[in-house]
Amino acid sequence: MITHTYATTVTWTGNRGTGTSGYRAYDRAHEVTAGGVPPILGSSDPAFRGDPSRWNPEQLLLAALSQCHMLSYLHACAVAGVVVTSYTDQAQGSMTQTPDGGGHFTEVVLHPRVEVTSPGMADAAGKLHEEAHRTCFIANSVNFPVRHEPVVTVAG
């Protein structure tokens, strides 16, 4: 087994001068950084007094699942000889808030739209989403269902 270690830093930038002296006294603004990459400007969801112009953790989780599936899928296609020329995913996630103020994701559905170069590759291209799901590190790390509803088209 190989273990990979990752590190990020989250820095709160929303102190208006009185810290968290009250629920409405502070911004939810923060920066997510990691060595060698530009910062991600974050906040909470607007439903929780966040800035809608910044990424929120729920969007970032959804994006991580979508990215991981895509990268696993492209690898599986390359190994199987399926030539992908285009890939877009419009992922959707559902989160349920609990009465105590907490909550959890209940499901994510990925909607990958894939284009391949040959009609003979279309069937394999569709089936390789299952392999990508099995090998996606992020999907294997969450406790809610991650489904995919792919559409495969042929270039030209």
Side-chain angles (χ1 to χ4, degrees), residues 1-15 19-20 26-98 100-117 121-152:
M1 262 170 76
I2 299 172
T3 300
H4 299 273
T5 304
Y6 302 92
T8 60
T9 301
V10 174
T11 305
W12 175 50
T13 59
N15 184 350
T20 58
Y26 63 96
D27 286 337
R28 278 59 178 172
H30 58 274
E31 290 184 356
V32 181
T33 58
V37 296
I40 296 172
L41 300 181
S43 187
S44 60
D45 183 296
F48 308 111
R49 303 195 51 79
D51 181 345
S53 70
R54 291 176 170 239
W55 286 88
N56 64 58
E58 295 80 13
Q59 290 170 317
L60 291 169
L61 175 62
L62 188 60
L65 284 161
S66 180
Q67 287 175 283
C68 187
H69 183 85
M70 179 193 70
L71 295 168
S72 297
Y73 178 76
L74 294 175
H75 173 77
C77 286
V79 170
V82 173
V83 181
V84 175
T85 56
S86 176
Y87 185 109
T88 304
D89 181 18
Q90 294 182 328
Q92 295 178 316
S94 298
M95 184 182 78
T96 299
Q97 198 172 348
T98 55
D100 65 0
H104 57 275
F105 270 78
T106 56
E107 178 181 57
V108 163
V109 182
L110 306 178
H111 298 97
R113 298 188 63 82
V114 178
E115 183 179 87
V116 296
T117 59
M121 296 176 182
D123 189 48
K127 291 177 182 172
L128 285 168
H129 283 282
E130 290 296 329
E131 180 179 334
H133 180 72
R134 281 191 307 275
T135 60
C136 173
F137 305 136
I138 307 299
N140 284 307
S141 300
V142 298
N143 65 353
F144 52 85
V146 178
R147 296 186 301 110
H148 47 86
E149 297 175 355
V151 173
V152 177

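Only a predicted model underlies this, so the values are computations on that prediction, with no experimental measurement involved.
Closest approach of V108 and G93 over heavy atoms only: CG2-CA, 4.0 Å. The minimum heavy-atom distance linking T33 with P39 is given by the pair CG2-CB, 3.7 Å. S43 and H30 get closest at one heavy-atom pair: N-CE1, 3.1 Å. Taking all atoms of both residues into account, the shortest heavy-atom contact from L110 to A91 is CD2-CB, 3.6 Å.
Side chains of L61 and F105 form a contact here, defined as non-hydrogen atoms less than 4.5 Å apart. Taking the side chain as every heavy atom from C-beta outward, L74 and V84 approach each other to under 4.5 Å. The side-chain heavy atoms of W12 and T20, taken from C-beta on, include a pair separated by under 4.5 Å.
A side-chain contact (heavy atoms from CB on, under 4.5 Å) with S66 is found for one member of I138, V146, T88, D89 and no other, namely D89.
Sorted by first and then second residue, the ring-ring contact (aromatic ring centres under 6.0 Å, His included) pairs with a member in residues 38-72 read H69-H129, H69-H148; sequence neighbours excluded.
Distance check: L65 CG to H133 NE2 gives 9.5 Å after rounding to the nearest 0.5 Å. Rounding to the nearest 0.5 Å gives a distance of 11.0 Å between OG of S72 and CZ of R134. Taking CG of N143 as the reference point, atom OG1 of T106 lies at 10.5 Å (rounded to 0.5 Å). Atom CD1 of residue I40 and atom CD of residue Q59 lie 11.0 Å apart, to the nearest 0.5 angstrom. Note that the CG atom of L41 and the CD atom of E31 stand 5.5 Å from one another [nearest 0.5 Å]. A distance of 11.5 Å separates SG in C77 from CE in M70, rounded to the nearest 0.5 Å.
Judged by distance alone, the side chain of S44 and the main-chain N or O of G50 form a donor-acceptor pair under 3.5 Å. Between the side chain of Y73 and the main chain of A125, a donor-acceptor pair closer than 3.5 Å is present. In terms of modelled atom types and a separation under 3.5 Å, the side chain of E131 and the main chain of L128 share no donor-acceptor contact.
More than 12 heavy atoms of other shown residues, nucleotides or ligands fall within 6.0 angstrom of atom CZ in R49. At most 12 non-hydrogen atoms from other residues, nucleotides or ligands lie less than 6.0 angstrom from NE2 of H75. Atom CD of Q90 has 12 or fewer neighbouring heavy atoms from other residues, nucleotides or ligands inside a 6.0 Å radius.
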* Full working for side chain to side chain contact (heavy atoms under 4.5 Å, CB included) between H104 and T98 -> CA-CA 8 Å; H104 57 275; T98 55; 4.2 Å; yes
* Asked: Run the side chain to side chain contact (heavy atoms under 4.5 Å, CB included) check on D27 and D51 step by step: do they pass?
  -> CA-CA 8 Å; D27 286 337; D51 181 345; over 6 Å; no
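A donor and an acceptor atom, one from each side chain of T85 and E115, are located under 3.5 Å apart.
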